[in-house]
Amino acid sequence: MTSTAPALIDPVILWTAIIGLAVGSFALRFAFIGIVGGRAMPDWLMRHLRYTAVAIIPALVAPLVAWPAPTGGTPSPPHVAVAALTLAVGYLTKNVLLAMGTGAGSFVLLLYVSG
C-alpha cells in the first residue's frame, strides 16, 4: 500500500494570503478606531452595533446544532435538546454565563449518561 504526501502550498501564495488577510483585518479595525474613533456616531447606528456581539455566539453555535459533525451532519436529538435548554435558561435568567454553563454541563451529562 502506498501513501502520498499531502500537496504543499506554494510559499508565495501562502504568504500573500497571510499578508492580505492581515492588511484587510487592520483596515477594517482602523476604519472604526482610527477614522471614526473620535466622532460621535448616530443613535440608529449605535443601536444596531449593540446587537453585533449578541449575534456572534448563535452564529457560531447554530451550524454545530443543525449539522453536528459526530452524526455526519444529520441533526441529533441530544444537540437539539441541549440547544433548547440553553436557550430557555438564557431567556429566563438573562445570564449568558449561566446559560453557557448549563448548556455545556447538560451536554456532557447527556453524553455521559447515554454512552
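FYI, the numbering just counts along the sequence from 1.
- Closest approach of Leu97 to Asn95, counting heavy atoms only: N-OD1, 3.2 Å.
- A continuous path of ILVMFWY side-chain contacts below 4.5 Å connects Trp44 to Leu49, so both sit in one hydrophobic cluster.
- The line from CG of Leu14 to CG of Leu8 is 10.5 Å long, rounded to the nearest 0.5 Å.
- Within a 6.0 Å sphere centred on CG of Asp43, other residues, nucleotides and ligands contribute 12 heavy atoms or fewer.
- In the hydrophobic cluster analysis, where Ile, Leu, Val, Met, Phe, Trp and Tyr join through side-chain heavy atoms closer than 4.5 angstrom, Val61 is grouped apart from Trp67.
- Distance check: Thr102 OG1 to Leu109 CG gives 11.5 Å after rounding to the nearest 0.5 Å.
- Leu28 and Ile33 are not part of a single hydrophobic cluster, where members link through side-chain heavy atoms under 4.5 Å apart.
- Closest non-hydrogen pair, Pro68 versus Pro75, comes out as CD-CA, 4.1 Å.
- A continuous path of ILVMFWY side-chain contacts below 4.5 Å connects Ile57 to Val65, so both sit in one hydrophobic cluster.
- Atom CE of Met100 sits about 9.5 Å away from atom OG1 of Thr86, to the nearest 0.5 Å.
- From Leu110, atom CG reaches atom NE2 of His79 across 9.5 Å, with rounding to the nearest 0.5 Å.
- Interatomic distance, OG1 of Thr16 versus CG of Leu21, reported as 10.5 Å (0.5 Å rounding).
- The aromatic rings of Phe30 and Phe26 sit parallel, their planes meeting at an angle under 30°, below the 60° perpendicular limit.
- One finds the CZ atom of Arg50 at 11.0 Å from the CG atom of Leu45 (value rounded to the nearest 0.5 Å).
- No single ILVMFWY cluster, assembled from side-chain heavy atoms under 4.5 Å apart, contains both Val82 and Leu87.
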